[in-house]
Amino acid sequence: GQNIDQPTEMTATEGAIVQINCTYQTSGFNGLFWYQQHAGEAPTFLSYNVLDGLEEKGRFSSFLSRSKGYSYLLLKELQMKDSASYLCATSGNTGKLIFGQGTTLQVKP
Amino acid sequence: DTEVTQTPKHLVMGMTNKKSLKCEQHMGHRAMYWYKQKAKKPPELMFVYSYEKLSINESVPSRFSPECPNSSLLNLHLHALQPEDSALYLCASSQLPGTGVDSPLHFGNGTRLTVT
């Protein structure tokens, strides 16, 4: 089976840096995804990690450690529009993308 | 703008009604998905179609009936639903079945379903 854990809520200040952690346990491993979902909207794909290390994409970076079953999403230079839910997801060896509970990030001025 | 289009955006139906949700993508993706999302919860997988054939059914009750008429269209037929089925129903597609760097899921904006 698959088990994914991430914090429920986080608060950060505009312009700051925030790190959202995710731990996972899967049968097999086929990559770790991060999605962003604004209230009332569809989830949108942010990043994918299948090898250990850091993937940087503009203000967003994602890190993976397969041996620790751990990933984080790093958001730099936070903007008010970054207030959203951030979903960690893995597919294991089933090919089914399963989501964690999501972390609701609130960015304050 | 999403490249996966879902209609209707909102639907209110009684427990004895029959309705259908529709999803369309023109990205040439060969896998399509139905997810259900309750408020403040993550999307939960319901069905996966791979090359227009049903490949995964996550033990969904038979009152939900998926259909894939062609590679661009995905329907979800609803009959005799319960109030607890009220949720956001998300359609998604990916280039290939399974998931990977070449095949992230692209989601539609969903249909907000209310069962009265």
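To find a chain, count down the sequence lines: A is the first, B the second, and so on, and within it residues start at 1.
Tracing side-chain contacts under 4.5 Å through hydrophobic residues (I, L, V, M, F, W, Y), one reaches L74(B) starting from L11(B); they form part of the same cluster. Hydrophobic clustering places F33(A) together with L45(B) (ILVMFWY residues linked when any side-chain heavy atoms are closer than 4.5 Å, directly or through intermediates). Clustering ILVMFWY residues whenever any of their side-chain heavy atoms sit less than 4.5 angstrom apart, transitively, puts L76(B) in the very cluster that holds L54(B).
With sequence neighbours excluded, no residue forms a ring pair (Phe, Tyr, Trp, His ring centres under 6.0 Å) with Y49(B).
With a threshold of 4.5 angstrom between heavy atoms, Q37(B) approaches chain A through side-chain atoms but not through N, CA, C or O. Proximity to chain A is limited to the side chain of E58(B), based on heavy atoms less than 4.5 angstrom apart.
You'll find the side chain of L105(B) reaches within 4.5 Å of the side chain of Y35(A), heavy atoms only. Between L90(B) and P43(A), some side-chain heavy-atom pair lies under the 4.5 Å cut-off.
Other residues, nucleotides and ligands place more than 12 heavy atoms under 6.0 Å from the CE atom of M27(B). Crowding of E67(B) atom CD: a count of heavy atoms from other residues, nucleotides or ligands under 6.0 Å exceeding 12. Other residues, nucleotides and ligands place more than 12 heavy atoms under 6.0 Å from the NZ atom of K38(B).
Contacts classified as disulfide (SG to SG under 2.5 Å) and involving residues 4-75 of chain B (residues at least two apart or in different chains) are given here: C23(B)-C91(B). Among pairs with a residue in residues 52-91 of chain A, those fulfilling disulfide (SG to SG under 2.5 Å) read C22(A)-C88(A), at least two apart in sequence or across chains.
Interface with chain B: from residues 99-109 of chain A, residues F99(A), G100(A), Q101(A) qualify, criterion being any non-hydrogen pair under 4.5 Å.
Note that the CG atom of L97(A) and the OH atom of Y33(B) stand 8.0 Å from one another [nearest 0.5 Å]. The CZ atom of F107(B) lies 8.0 Å from the CD atom of Q37(A); values are rounded to the nearest 0.5 Å.
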